[in-house]
**Student:** 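Questions regarding the structure given below will be posed in turn.
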2 protein chains.
Amino acid sequence: MVVTLSGPTTEPTSAADLDPAAGEVAPPDCSIARALGVIGDRWTILIMRDAFRGIRRFDDFRRDLDIARPVLADRLRKLVDAGVMVKRRYQTHPERFEYRLTPMGMELSPALVALMRWGDRWLNDGHPPTILVHEPCGSELEQGFWCRTCQQTFSPGDIASRHPHSDPHTDHDPDHDPATGATR
Amino acid sequence: MVVTLSGPTTEPTSAADLDPAAGEVAPPDCSIARALGVIGDRWTILIMRDAFRGIRRFDDFRRDLDIARPVLADRLRKLVDAGVMVKRRYQTHPERFEYRLTPMGMELSPALVALMRWGDRWLNDGHPPTILVHEPCGSELEQGFWCRTCQQTFSPGDIASRHPHSDPHTDHDPDHDPATGATR
DNA sequence: TGAGGTGGGTTCATTCGGCGAACCGACCGC
DNA sequence: GCGGTCGGTTCGCCGAATGAACCCACCTCA
């Protein structure tokens with residue numbers, strides 16, 4: 001019951017039969033690393049958080065985060081380049097711009113929500129948690145893994161990975177210690 | 001339908017080590033910022049990813065990530081201090097240690113899974129996605145927001161927030177443009 | 001007997017990126 | 001024509017990240 005979070009470490013084709021030791025030292029990439037290439041920066045994530053909260057203008061970001069102007073300008077530019085945000089003129093004459101989340105950016109919300117909930121759970125020094133609710137009914141949101149077949153949620157311990165071009169059965173780590181695992 | 005991801009705002013940086021006695025402005029932190037104080041570093045997140053993949057030893061982390069030794073030592077120490085990992089001697093004589101996820105660390109998996117899926121979806125330059133499955137039945141995992149009351153999943157657009165000490169009704173942003181919003 | 005390898009670090013010098021301060025320009029209201 | 005707002009850029013400093021080198025205890029092999 002190993003939770004494998006990345007793609008093949010070496011090459012996308014097939015980890016085993018292709019000789020990986022030959023040339024490349026660094027594995028080209030995994031999706032988490034690619035994601036971090038875009039939002040893997042403390043400021044960037046906080047900018048995204050603010051964007052979800054409805055902040056859109058340069059100066060509002062700056063004030064809220066107390067971030068240095070050059071850094072903010074740089075991060076916003078990179079986010080726009082990456083396609084996570086769009087820069088949009090909202091008035092002419094004094095040209096003014098706002099930064100909005102694209103659909104790509106919006107889809108980061110599960111990651112941010114997960115982070116927030118983790119922080120609330122394990123790092124709340126006295127701070128009350130932020131409670132997210134299902135807007136239509138008002139009851140508290142849960143976030144989890146869902147199996148459409150079994151029609152049930154499940155915990156991280158029940159995750160296995162299946163790599164596209166390799167053996168379709170689950171990874172298994174014989175040495176894995178369940179004591180550190182899923183539930184407390 | 002603003003998705004409010006944070007609690008009270010101000011003070012983004014230096015989550016942990018900030019002097020708490022400085023009884024300054026009211027809300028010292030938000031949970032995302034606190035979480036980033038622990039894992040808000042590119043290397044740290046990659047270390048966590050590797051840990052989920054079953055890597056436990058210093059040198060294996062180092063080789064897999066191609067990270068500088070001092071940085072790895074520093075990050076592992078910080079993760080242990082934060083309670084996300086434990087350092088455990090697995091042999092005496094030449095004393096050797098391994099680093100394992102604690103339950104606190106395990107619970108980061110939703111965030112990492114969300115990140116991975118986002119990366120797979122939006123940043124796959126030709127890389128096939130890693131498919132995660134529900135181990136007992138083998139069908140593909142879905143990750144989403146779940147409402148226990150309505151017994152259904154829902155999208156980020158249906159999230160509202162409720163702050164403990166404030167108005168219990170939902171945040172609403174009149175200026176929000178659905179065009180950039182939830183679904184594509 | 002030693003040569004070389006492994007695991008888990010630390011120390012040190014250098015480079016890189018974050019930061020605050022200052023500046024800029026187009027507009028506004030007054 | 002004075003100060004204020006918005007959205008930046010340039011500049012210089014400094015601390016953090018980095019790679020290289022070193023350390024040490026142990027093991028294998030010859």
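What's counted below: heavy atoms across the whole structure, side chains too, no hydrogens, waters or symmetry copies. Protein chains get the first letters and strands the later ones, always in sequence-line order, with residue 1 at the start of each.
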**Student:** My understanding is that only residues two or more places apart in sequence, or in another chain, count here; which of them pass side chain to side chain donor-acceptor pair (under 3.5 Å) with Arg96(B)?
**Tutor:**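 For Arg96(B), no residue satisfies side chain to side chain donor-acceptor pair (under 3.5 Å) once neighbours in sequence are set aside.
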
**Student:** At under 4.0 Å between heavy atoms, how does the protein contact nucleotides 7-15 of chain C? Give one character per nucleotide, 5' to 3', with B, S or -.
**Tutor:** BBBBB----

**Student:** Atom CD1 of Ile47(A) to atom P of dG18(C): distance rounded to whole Å?
**Tutor:**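 Rounded to whole Å, this separation is 11 Å.
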
**Student:** Could you list the residues that satisfy side-chain contact (heavy atoms from CB on, under 4.5 Å) with Asn124(B), not counting sequence neighbours?
**Tutor:**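 Applying side-chain contact (heavy atoms from CB on, under 4.5 Å) to Asn124(B) gives Arg34(A).
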
**Student:** Asp120(B): what forms a side chain to side chain donor-acceptor pair (under 3.5 Å) with it, not counting sequence neighbours?
**Tutor:**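 So Asp120(B) forms a side chain to side chain donor-acceptor pair (under 3.5 Å) with Ser31(A).
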
**Student:** Is Arg89(B) touching bases, backbone alone, or none of the nucleic acid, heavy atoms closer than 4.0 Å?
**Tutor:**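 If one applies the 4.0 Å heavy-atom cut-off, Arg89(B) turns out to touch nothing in the nucleic acid.
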
**Student:** Please name all residues satisfying side-chain contact (heavy atoms from CB on, under 4.5 Å) with Ala68(A), sequence neighbours left out, ordered by chain then number.
**Tutor:**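 Here the qualifying residues are Pro70(A), Val71(A).
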
**Student:** Please collect all salt bridge (charged side-chain N to carboxylate O under 4.0 Å, His left out) contacts where either partner lies in residues 108-119 of chain B, sequence neighbours excluded, each pair once.
**Tutor:**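 Checked against salt bridge (charged side-chain N to carboxylate O under 4.0 Å, His left out) - neighbours excluded - no pair reaches residues 108-119 of chain B.
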
**Student:** Which whole-number value in Å describes the distance from Leu65(A) CG to dG18(C) P?
**Tutor:**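 Interatomic distance, CG of Leu65(A) to P of dG18(C): 14 Å.
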
**Student:** List for me each residue that meets side chain to side chain donor-acceptor pair (under 3.5 Å) alongside Asp81(B), sequence neighbours excluded, and say none if there are none.
**Tutor:**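 Asp81(B) satisfies side chain to side chain donor-acceptor pair (under 3.5 Å) with no other residue.
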
**Student:** For Trp146(B), what are the other residues in its hydrophobic cluster, where any two members join if their side-chain heavy atoms are less than 4.5 angstrom apart?
**Tutor:**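 Hydrophobic cluster check, Trp146(B): joined to Trp146(A).
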
**Student:** Please report the distance, rounded to the nearest Å, between CD in Gln91(A) and C1' in dC28(C).
**Tutor:**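 For the pair Gln91(A) CD and dC28(C) C1', the rounded distance is 10 Å.
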
**Student:** With sequence neighbours excluded, tell me which residues meet side chain to side chain donor-acceptor pair (under 3.5 Å) with Thr153(A).
**Tutor:**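 In terms of side chain to side chain donor-acceptor pair (under 3.5 Å), with neighbours along the sequence ignored, Thr153(A) is linked to no residue.
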
**Student:** Would you grab the first and last nucleotide of DNA chain D (5' to 3') that comes under 4.0 Å of any non-hydrogen atom in chain A?
**Tutor:**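 Span of nucleotides near chain A: dT5(D) to dT10(D).
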
**Student:** Is it the case that Tyr99(A) and Arg57(A) place a side-chain donor and acceptor less than 3.5 Å from each other?
**Tutor:**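 No donor-acceptor contact under 3.5 Å links the two side chains.
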
**Student:** What stems show up for DNA chain D when you take Watson-Crick pairs (N1-N3 plus N6-O4 or O6-N4) and G-U wobbles (N1-O2, O6-N3), both under 3.5 Å, and require three or more consecutive pairs?
**Tutor:**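 So the stems come out as C:1-30 with D:1-30.
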
**Student:** With sequence neighbours excluded, what pairs up with Arg148(A) under the salt bridge (charged side-chain N to carboxylate O under 4.0 Å, His left out) test?
**Tutor:**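 Listed in chain order: Glu142(B).
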
